[in-house]
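Just so you know, ligand 1 is whichever comes first in the structure, and atom 1 is the first atom listed for that ligand. The structure displayed is predicted, hence computed values, not measured ones.
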Amino acid sequence: MVSFKDLPEEELFLAGSTACQGCPSSLALRIAFKALGSNTILIVVASCTSVLQGSYPLSAIDLPLMNVAFATGGASASGVVAGIKALAKRGELEEEPTVLVWAGDGGTYDIGIQSLSGAAERGTDFIYVCYNNEMYSNTGTQRSGATPLGAWTTTTPGGKAQHRKDIAQIMIAHRIPYVATVSLAYPLDFYQKMQKAKSIKGTKYIEMLAPCPPGWKFPSSQMIEVSRMAVQSGMWLLYEHEDGETRFTGATKRMIEGKVKKKPVKDYLEIQGRFRQILASPEGQEAEDMLESEVSESIRRLQGWVPEYI
Ligand SMILES: Cc1ncc(C[n+]2csc(CCOP(=O)(O)OP(=O)(O)O)c2C)c(N)n1
Ligand SMILES: [Mg+2]
């Protein structure tokens with residue numbers, strides 16, 4: 001087990017970024033860089049993360065970095081990885097760098113899925129992290145394929161009428177060697193999953209729930225609390241998928257094993273402003289029930305992948 005004392009002191013995400021207070025992406029970048037180290041090339045897909053870096057030469061990110069077009073995370077990584085392989089073949093690299101794509105849910109679930117899917121099918125050797133704030137945050141809170149049922153966005157003013165899609169399951173269907181979900185409420189779990197992803201060849205997909213204080217309408221001091229409640233209510237399930245099998249991890253594993261009681265989805269909905277309209281409306285109870293059913297269905301589907309011995 002890793003403890004906080006084991007984390008490297010070197011900071012590759014520097015102070016003075018232009019992120020909002022309590023931004024989950026900036027905290028996640030700091031942890032991810034500690035796990036991967038300085039021999040990393042970062043590819044940022046158009047998102048809040050393109051902006052929070054600050055502008056050159058005062059960038060808060062101390063790594064080689066490419067900002068790329070919205071739909072191109074997987075394709076850009078494929079090009080960078082091909083370049084690395086060519087340099088390595090010519091003996092011009094002492095150690096091959098890790099290629100990390102950092103993309104939002106809009107750039108992953110919606111506009112970037114074809115490029116990600118192509119790279120995964122080709123077995124491109126890179127880590128893809130989707131920080132999922134369940135909306136297009138950078139352009140002012142529009143709905144995405146990751147927005148949950150009932151949530152307010154500027155394009156779903158009465159609450160989204162559809163369920164979110166389950167992209168981690170879509171990535172598992174690509175038979176890539178490693179898929180994991182993480183939460184900022186469990187940073188050491190995130191750190192260890194990033195380190196594991198670095199040690200595996202091929203395409204690795206890691207997805208983090210990224211509660212956005214201004215977009216989800218809660219105080220910035222509550223970001224970790226909201227992250228934790230998402231896991232405790234089952235609205236965000238922690239697991240990893242390796243060698244064709246899924247394992248629940250951390251707090252989700254304890255919940256599935258009955259060691260801790262699952263909290264009601266309502267507890268999670270009530271600590272954010274984006275569900276306020278739907279909860280106050282005549283459809284509020286139905287939306288809450290549908291989200292509870294969504295949680296049970298997701299757990300049942302994952303249990304189909306969990307080996308008998310767990
Ligand atoms: C083709 C294209 N359409 C629209 C945009 C404008 N745009 C930049 S970031 C963004 C939202 C990205 O949402 P997401 O991927 O979820 O990241 P977040 O902003 O939430 O961090 C949009 C629509 C763009 N850059 N390129
Ligand atoms: Mg987003």
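A donor-acceptor contact shorter than 3.5 Å is absent between the side chain of Ser220 and the backbone of Gly22. The backbone N or O of Tyr191 lies less than 3.5 Å from no partner atom in the side chain of Lys193, so there is not a single donor-acceptor pair. The backbone N or O of Leu302 lies less than 3.5 Å from no partner atom in the side chain of Thr246, so there is not a single donor-acceptor pair.
Shortest contact from atom 24 (C) of ligand 1 to any protein heavy atom: Phe70 CD2, 3.8 Å. Among protein heavy atoms, the minimum distance from atom 6 (C) of ligand 1 is reached at Thr139 CG2, 4.0 Å. Of the protein's non-hydrogen atoms, Ile111 CD1, 3.9 Å is the one closest to atom 1 (C) of ligand 1. The nearest protein atom to atom 15 (O) of ligand 1, hydrogens excluded, is given as Gly107 N, 2.8 Å; this is a heavy-atom distance. Annotation: atom 21 (O) of ligand 1 to nearest protein heavy atom, Tyr131 OH, 2.5 Å. When only non-hydrogen protein atoms are considered, atom 14 (P) of ligand 1 lies nearest to Gly106 N, 3.4 Å. Atom 19 (O) of ligand 1 has as its closest protein heavy atom Asn138 N, 2.8 Å. Counting only heavy atoms of the protein, atom 25 (N) of ligand 1 lies nearest to Ala46 CB, 3.7 Å.
Using a 4.0 Å cut-off between a side-chain N of Lys or Arg and a carboxylate O of Asp or Glu, Lys85 and Asp125 qualify as a salt bridge. For Arg300 and Glu297, the salt-bridge test fails: no basic side-chain N is under 4.0 Å from an acidic carboxylate O.
Summarising the local packing, NZ of Lys263 is surrounded by 12 or fewer heavy atoms from other residues, nucleotides or ligands at distances under 6.0 Å.
Note on ring orientation: taking the six-membered ring where Trp is involved, the planes of Trp102 and Tyr131 are parallel (angle under 30°, cut-offs 30° and 60°). Aromatic ring orientation, Tyr136 versus Phe70: perpendicular (interplanar angle above 60°, classes split at 30° and 60°).
Residue contacts with ligand 1: Tyr136 is placed with no nitrogen or oxygen under 3.5 Å of a nitrogen or oxygen of the ligand (distance criterion only). Looking at Ser47 next to ligand 1, no N or O pair under 3.5 Å apart turns up. Taking distance alone, with nitrogen or oxygen atoms compared against 3.5 Å, Asn133 approaches ligand 1 more closely than that limit. Here's the thing with Met135: one of its N/O atoms is less than 3.5 angstrom from an N/O atom of ligand 1.
The distance from ligand 1 to the heavy atoms of Cys48 drops below 4.0 Å at these ligand atoms: 18 (P), 19 (O), 21 (O). Of all atoms in ligand 1, listed by their number and element, those nearer than 4.0 Å to a heavy atom of Ser137 are 18 (P), 19 (O), 20 (O).
Phe248 is listed as a side-chain neighbour of Gln303, based on a closest heavy-atom distance under 4.5 Å.
The angle subtended at the Mg ion (ligand 2) by OD1 of Asn133 and OD1 of Asp105 is 90°, given to the nearest 10°.
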